[in-house]
Amino acid sequence: MNGNLTFTMIKPTAFKNNSAGAILKMINEAGFVIKAMKLTRLTPELAGEFYAVHKARPFYGELVEFMSSGPIIAALLEKENAVEDYRTLIGATNPENAADGTIRKLYATNLQQNAVHGSDSDDNANIEADFFFSKMERF
Ligand code: ADP
Ligand code: MG
């Protein structure tokens, strides 16, 4: 059975561009409920840990640098079939391939600075939520 939680980040460029409000509006209008949220900034060490699965990829170093370059909004979202439905809402990793009307199509700058993160599985949604939020920060 698919779970009802997913984790997202509004990445540094989208936050800097003042797209956070529009992105959060799309998230709410698509039926996701915000269960936890914070404005924070990753250190390079924490960004490296978050993206450790991509350590061997050629883009890892620049991704870590980018993700620690400024504030991000981290959020835990609830909806039936959350992981899959959120991946549909955000669109393809490369915004050039993202469907019309998706968050990445509308708010990404490029492949690296693609506006938002979205969990790829229920297990990772829980791991990523635990990375950012304590019990006291969840509602
Ligand atoms: P997604 O975020 O859609 O799950 P991945 O997990 O494959 O995509 O990649 C994590 C992040 O790394 C992407 O969202 C993007 O910011 C960056 N990224 C992925 N592929 C590339 C690439 N070829 N060049 C530069 N950055 C990339
Ligand atoms: Mg991913």
Side-chain angles (χ1 to χ4, degrees):
M1 206 186 93
N2 294 334
N4 61 355
L5 289 174
T6 193
F7 172 80
T8 189
M9 289 185 282
I10 297 176
K11 297 186 180 186
T13 313
F15 180 76
K16 197 174 168 198
N17 290 345
N18 259 349
S19 299
I23 291 170
L24 290 170
K25 184 167 189 276
M26 285 182 71
I27 288 171
N28 278 152
E29 286 179 351
F32 292 88
V33 174
I34 295 168
K35 305 296 286 182
M37 185 162 72
K38 67 173 69 166
L39 178 63
T40 186
R41 182 174 177 166
L42 291 165
T43 61
E45 290 71 26
L46 286 170
E49 196 183 321
F50 186 88
Y51 283 110
V53 63
H54 295 306
K55 213 165 203 159
R57 310 285 287 279
F59 58 81
Y60 176 74
E62 286 181 359
L63 177 63
V64 167
E65 193 180 328
F66 164 58
M67 287 303 296
S68 56
S69 67
I72 55 133
I73 290 177
L76 180 60
L77 306 176
E78 184 180 66
K79 183 186 182 296
E80 202 177 292
N81 199 36
V83 166
E84 192 184 336
D85 286 3
Y86 192 63
R87 298 287 310 194
T88 301
L89 179 66
I90 70 179
T93 305
N94 186 341
E96 287 179 17
N97 304 327
D100 283 347
T102 59
I103 291 175
R104 281 170 166 170
K105 182 71 168 194
L106 290 165
Y107 298 109
T109 302
N110 55 41
L111 169 56
Q112 179 198 60
Q113 297 171 40
N114 57 0
V116 287
H117 168 82
S119 304
D120 63 7
S121 67
D122 292 342
D123 283 351
N124 282 335
N126 285 310
I127 290 167
E128 292 168 359
D130 288 348
F131 190 91
F132 279 89
F133 299 113
S134 71
K135 271 186 195 166
M136 279 181 67
E137 294 171 315
R138 299 175 193 215
F139 299 92

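Predicted, not measured: the structure shown is a model, and the values here were computed from it. Atoms within each ligand, like the ligands themselves, are counted from 1 in listed order.
Proximity of Arg104 to ligand 1 is established by a heavy-atom distance of less than 4.0 Å. Remark: distances from the non-hydrogen atoms of Leu63 to ligand 1 include one below 4.0 Å. For His117, the heavy-atom gap to ligand 1 stays at 4.0 angstrom or more.
For atom 21 (C) of ligand 1, the closest non-hydrogen atom of the protein is Phe59 CD2, 3.4 Å. Closest protein heavy atom to atom 4 (O) of ligand 1: Arg87 NH1, 2.9 Å. The protein atom (non-hydrogen) at minimum distance from atom 23 (N) of ligand 1 is Leu111 CD2, 3.4 Å. Among protein heavy atoms, the minimum distance from atom 13 (C) of ligand 1 is reached at Asn114 ND2, 3.6 Å.
Close N/O approach between Thr93 and ligand 1 is found [any backbone or side-chain N/O within under 3.5 Å].
The two residues Lys11 and Gln112 have their closest heavy-atom pair at NZ-O, 4.2 Å.
Proximity of a side-chain donor or acceptor of Arg41 to a complementary backbone N or O of Ile72 within less than 3.5 Å is not detected. Between the Glu62 side chain and the Phe59 main chain, no donor and acceptor come within less than 3.5 Å of each other. The main-chain N or O of Leu111 is never found under 3.5 Å from a side-chain atom of Asn94 such that the two would form a donor-acceptor pair.
Contacts between Met9 and ligand 1, counted as non-hydrogen atom pairs separated by less than 4.0 Å, are absent for every part of the residue.
Below 30°, between 30° and 60°, or above 60°: for Phe131 and Phe50 the angle between ring planes is above 60°, a perpendicular geometry.
Listed by chain and number, the residues in a side-chain hydrogen bond (donor to acceptor under 3.5 Å, both in side chains) with Lys79 are Asp85 (sequence neighbours excluded).
The heavy atom nearest to atom 9 (O) of ligand 1, out of those in Arg57, Gln112, Lys11, His54, is found in His54.
The list of ring-ring contact (aromatic ring centres under 6.0 Å, His included) pairs with a residue in residues 72-104, not counting sequence neighbours, reads Phe32-Tyr86.
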